[in-house]
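The first residue in the sequence is number 1, and the count goes up from there. For ligands, and for the atoms within them, numbers begin at 1 and follow the listed sequence.
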Amino acid sequence: MQFRFHTYAELEAIVLSENIPVPVYGIKREAFMAGVSEEAILSEIDRRIAVTRNALIKGLEAPQHSRSGLTKGAAVAFASSDRHLIRDELFTRSVAYALAINEVNACGGKVVSFPTAGSSGIVPGLIWAWWDTREHPAPAGAPGKVQPCNPPYAARLRDAFVVASLTGVIIAQGATLAGSEGGCQAECGAAGAMAACALAYLEEQPLRACFSAAALSLKNSLGLACDPVAGLVEVPCVKRNAFVAVNALTAVDLTLSSIESIIPFDEVVWAMKQIGDSLPGSIKENSTGGLAITPTGLTFKRAMEADA
Ligand code: SF4
């Protein structure tokens, strides 16, 4: 079996010729690349999924406050608010979960870099929001009270994480997953594509439609600056996780309505690489441009330097 691929087109050709479901292929590939058994990979996947669930619980059970003051419990505030313009459980959970996990990261807690720490709320946030809403509905009216969910995990849940991972593999090979190289399109943008692909898969869309959803989401994050205030992965990162999660939800909803991306996923990744290469260095994670050098951004930077 061929385990090296660079594009969606190559991945599709392999799974079609092998007549194998894409998550099964993903696990076999990972075992091959890591030189371990498939059982070991499944066990590691479960361990990492458990980390995401625990981060989610931590981020919602108490407001997360960082030393810088840039992170101050947005997830709990959102989940416990009774004022919402959009009253849809999947939407509310998606936003709350993405914020919760990323606030835990901002406060030095344990997360899975999926694909990076700064974007760590988007993929698990959306997959768990879908899971708690559609597969195992949580107690009604409790988006801020998430129950533990321990391994071993259902194959379908693992599959969603594996499909997201394969989407990330293609972006990593065709462009980058580093904000310092490609701006935030490479972190939150990539995570949105990964999450859209996974949710479309959970919604039982064919593989081509899943990657069309990924393309739709990624297209709408192209050119995103990486300009973290005070060099901390907090602003704009935490709230951006929520915004990009909604971006991915929209991509999946469009896909379920048979609306396709005109530009194929592989070409969007190509465009992402071109755009990343042409972005100025000041908005590639070194905090010398954009939001980082606003008067407010510089005030936080000076406060952190004085506190050091
Ligand atoms: S703004 Fe930069 S540091 Fe923050 S999530 Fe995006 S790429 Fe990461």
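By the criterion of a separation under 2.8 Å, the protein N/O/S atoms near atom 8 (Fe) of ligand 1 amount to E187 OE1.
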Report, one line per pair, each donor and acceptor closer than 3.5 Å where one atom sits in a side chain of residues 98-108; sequence neighbours left out.
unit_1	atom_1	unit_2	atom_2	d
N102	OD1	N241	ND2	3.3
N102	ND2	A117	O	3.1
N102	ND2	G118	O	3.1
N102	ND2	S120	OG	3.2
E103	OE1	A74	N	3.4
E103	OE1	A75	N	3.2
E103	OE2	G73	N	3.4
E103	OE2	A74	N	2.6
N105	ND2	A117	O	3.3

Please tabulate, one pair per line, all N/O donor-acceptor pairs under 3.5 Å involving side-chain atoms of residues 262-270, not counting sequence neighbours.
unit_1	atom_1	unit_2	atom_2	d
D266	OD1	Y8	N	2.7
D266	OD2	Y8	N	3.2
D266	OD2	A9	N	3.0

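Side-chain N/O atoms of T255 and Q205 include no donor and acceptor closer than 3.5 Å.
By the 30° and 60° cut-offs, the orientation of the rings of F5 relative to Y25 is tilted.
By the salt bridge (Lys or Arg N to Asp or Glu O under 4.0 Å) test, E39 is found to be paired with no residue, residues two or more places apart in sequence or in another chain being considered.
Ligand 1 places these atoms under 4.0 Å from at least one heavy atom of R240: 1 (S).
Closest approach of M33 to R4, counting heavy atoms only: CE-NH1, 3.7 Å.
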